[in-house]
Asker: 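I am attaching a structure below and will ask some questions about it afterwards.
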Amino acid sequence: MKFFATSASAAKRSTDCVIVGVYDKKELSDAAGVIDTASRGAISKLIEQGDISGKLGATALLNDLKGVKSPRVVVVGLGKASAFDRRAYHKAVSAALRQIDLPKITNAVCYLSAEDVVGCDNYYCGRLAAQALGEHNYRFNDFKSKGKRPPSKLKKLGLGAKGRADHASLELGAAHGAGIAEGMQLTRDLGNTPANVCHPTYLAETARELATKHTKLTVKVLEEAQMRRLGMNSLLSVGHGSEQPSKLIQMDYRGGKKGEAPIVLVGKGITFDTGGISLKPGPMMDEMKYDMGGAAAVMGAMAATVALKLPINLVVIVPSAENMPSGRATRPGDVVTSMSGQTIEILNTDAEGRLILCDALTYSKRFKPAAIVDVATLTGACVIALGHHRSGLMSRHDDLADELLDAGERAVDRAWRLPLDSEYTDQLKSNFADFANIGGREGGAITAGAFLSQFASEMRWAHLDIAGTAWRGGARKGSTGRPVPLLVDYLLQHTH
């Protein structure tokens, strides 16, 4: 994809299509006003007739307007001008891109970036537009023999600017947005790939393949024998019932100063989750191929980091296993000793994500990280609490929590902080081990975070539960690529 900024008149721009907006109460955007004047009121007439709406995301395609150089004009509703913020902007750009998904449109200019977007500067207008285009252009046809969705023809997108002084920041934002979109594509590809293909070894091979393209990235994969010697019995217990060997994948990118403490991202890599002996219900179990969404997200964040050549040190750790029932599978009531030396009574084998993450957190201490963030499709309870709109965030470090929350707001990939009080840890008490892996139905998302916090002592740590945001079900079933935008925004803040 190619991006450029332009401050040329919307009516005089030579392109396959121009995108302009209209607010509610029949208020034209600046670029729409230019088009309207050049076309002798064509847009105003259609608004009066009810053919064009200012409702956010509503679109209309106009052809061959007199006085307008582009053969096509897309008018998209922007909603209330006072509420046209970065979320509304992203939604409007996405809606316009869907409208121009036509074979003959290979380039377009979007003038929405020249509007006053509440709380959003030129850089983020460029970034969110490029990200929206990446999301729009995404296709996953790998396993279809027919009926494949054709690729988008749109290869070049211009971004309208108020003046030449805005060009550089718009183009920088677009470049970063393209890198984020690249990371999101990897995340979505991994999530959408079926579990008979995407198993722990596949994740390891994907990491190695990424490393072959970037000299500053190295990959190390720990096999089961190596993990056993390190005492990772909690992680290993999850894969006991599977024929697929468990892995611990370490991706190490050194783009920052030598000796500078890295940021560590840890991603849950359960490539399929039956629940083990605590077997899940059959309906929608196919969606459990997405239980490696945390692993896919941190690998996507790494892909974006190396694509953008960010000047930071970043380590990604992916503990990966397949949770299957068999005669060798871990049983409810079993007690395992984690790498930290703490013992865990496994009361429910379907609470397996925390069992692999806890050993990965202990392993991560060797990097002496500046901060560590684990990312996991961890609990259905988080979906009940927050729905599919926000990821759950837990941390005992207010400054780190605020950094991640702010990153989510800027990236339109929002999170919500949940408490992490000692009362939730008390729910994990066990008669037979240091603690149990579940704490009852009440506050299930938080007790999962409280469990992980026992392995993150002496580290600046945060936990993101993405069970409600990593994928969507229904007719549009598939990986969303979240929370790559949040993670990369957070990383970008550490490059200044």
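Keep in mind that the numbers below use all heavy atoms, side chains included, and drop hydrogens, waters and symmetry copies.
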Asker: Do His136 and Leu154 pass the side chain to side chain contact (heavy atoms under 4.5 Å, CB included) test, and can you show the C-alpha distance, the side-chain angles, and the key distance before you say yes or no?
Answerer: CA-CA 10 Å; His136 171 74; Leu154 186 60; 5.5 Å; no
Asker: Let me confirm one number: the CG-CG distance from Asp399 to Leu404, rounded to the nearest 0.5 Å.
Answerer: 10.0 Å
Asker: Do Ser29 and Leu112 touch side chain to side chain, with heavy atoms closer than 4.5 Å?
Answerer: no
Asker: To the nearest 0.5 Å, tell me how far Met459 CE sits from Leu400 CG.
Answerer: 11.5 Å
Asker: Are there more than 12 heavy atoms of other residues, nucleotides or ligands under 6.0 Å from atom NZ of Lys155?
Answerer: yes
Asker: For the residue pair Thr469 / Ser391, report whether a side-chain donor-acceptor contact shorter than 3.5 Å exists.
Answerer: yes
Asker: Would you call the rings of Trp471 and Tyr290 parallel, tilted or perpendicular if under 30° counts as parallel and over 60° as perpendicular?
Answerer: parallel
Asker: Of His176, His90, Arg410, which meets side-chain hydrogen bond (donor to acceptor under 3.5 Å, both in side chains) against Tyr124?
Answerer: Arg410
Asker: Between Ser152 and Asp101, is the side chain to side chain contact (heavy atoms under 4.5 Å, CB included) condition met? List the steps.
Answerer: CA-CA 7 Å; Ser152 172; Asp101 193 11; 4.0 Å; yes
Asker: Under the side chain to side chain contact (heavy atoms under 4.5 Å, CB included) criterion, do Phe435 and Ile344 qualify, and how do the steps go?
Answerer: CA-CA 5 Å; Phe435 35 80; Ile344 305 163; 4.1 Å; yes
Asker: In chain order, what residues pass the ring-ring contact (aromatic ring centres under 6.0 Å, His included) check against Tyr253, with sequence neighbours excluded?
Answerer: none
Asker: Is there a side-chain contact between Ser395 and Leu420, using heavy atoms and a 4.5 Å cut-off?
Answerer: no
Asker: Do Ile105 and Lys153 come close enough that some side-chain heavy atom pair is under 4.5 Å?
Answerer: no
Asker: Judged by modelled atom types alone, do Asp350 and Ser278 share a side-chain donor-acceptor pair under 3.5 Å?
Answerer: no
Asker: Over 60° means perpendicular and under 30° means parallel, so tell me whether Tyr363 and Phe367 are parallel, tilted or perpendicular.
Answerer: perpendicular
Asker: Would the number of heavy atoms belonging to other residues, nucleotides or ligands and lying under 6.0 Å from NZ of Lys309 be above 12?
Answerer: no
Asker: Can Asn192 and Ser479 be counted as having a side-chain donor-acceptor contact under 3.5 angstrom?
Answerer: no
Asker: Is it the case that atom NZ in Lys55 sees more than 12 heavy atoms from other parts of the structure closer than 6.0 Å?
Answerer: no
Asker: What do you reckon, are the aromatic ring centroids of Phe272 and Tyr202 less than 6.0 Å apart?
Answerer: no
Asker: What closest approach, in Å, do Ile43 and Ala32 show between heavy atoms, and which atom pair accounts for it?
Answerer: CD1-O, 3.8 Å
Asker: Is atom CZ of Arg87 surrounded by more than 12 heavy atoms (other residues, nucleotides or ligands) closer than 6.0 Å?
Answerer: no
Asker: What I'd like to find out is whether the side chain of Leu452 reaches to under 4.5 Å of the side chain of Met394, using heavy atoms alone.
Answerer: no
Asker: Kindly give the heavy-atom pair with the smallest separation between Ile249 and Pro200, and that separation in Å.
Answerer: CD1-O, 4.3 Å
Asker: Could you tell me whether the side chains of Gln131 and Glu135 share a donor-acceptor contact shorter than 3.5 Å?
Answerer: yes
Asker: Please give me the minimum heavy-atom distance between Asp489 and Ala411, naming the atom from each residue.
Answerer: CB-CB, 4.2 Å
Asker: Within the 3.5 Å criterion, strictly below it, is a donor on Arg98 or Thr59 matched to an acceptor on the partner's side chain?
Answerer: no
Asker: Is the closest basic N to carboxylate O distance between Arg390 and Glu409 below 4.0 Å?
Answerer: yes
Asker: Distance from Phe4 atom CZ to Lys2 atom NZ, nearest 0.5 Å?
Answerer: 11.0 Å
Asker: Could you give the distance from CG (Asp374) to CG (Asp465), rounded to the nearest 0.5 Å?
Answerer: 9.0 Å
Asker: Pick one: which of Leu405, Leu393, Leu386 meets side chain to side chain contact (heavy atoms under 4.5 Å, CB included) with Trp416?
Answerer: Leu386
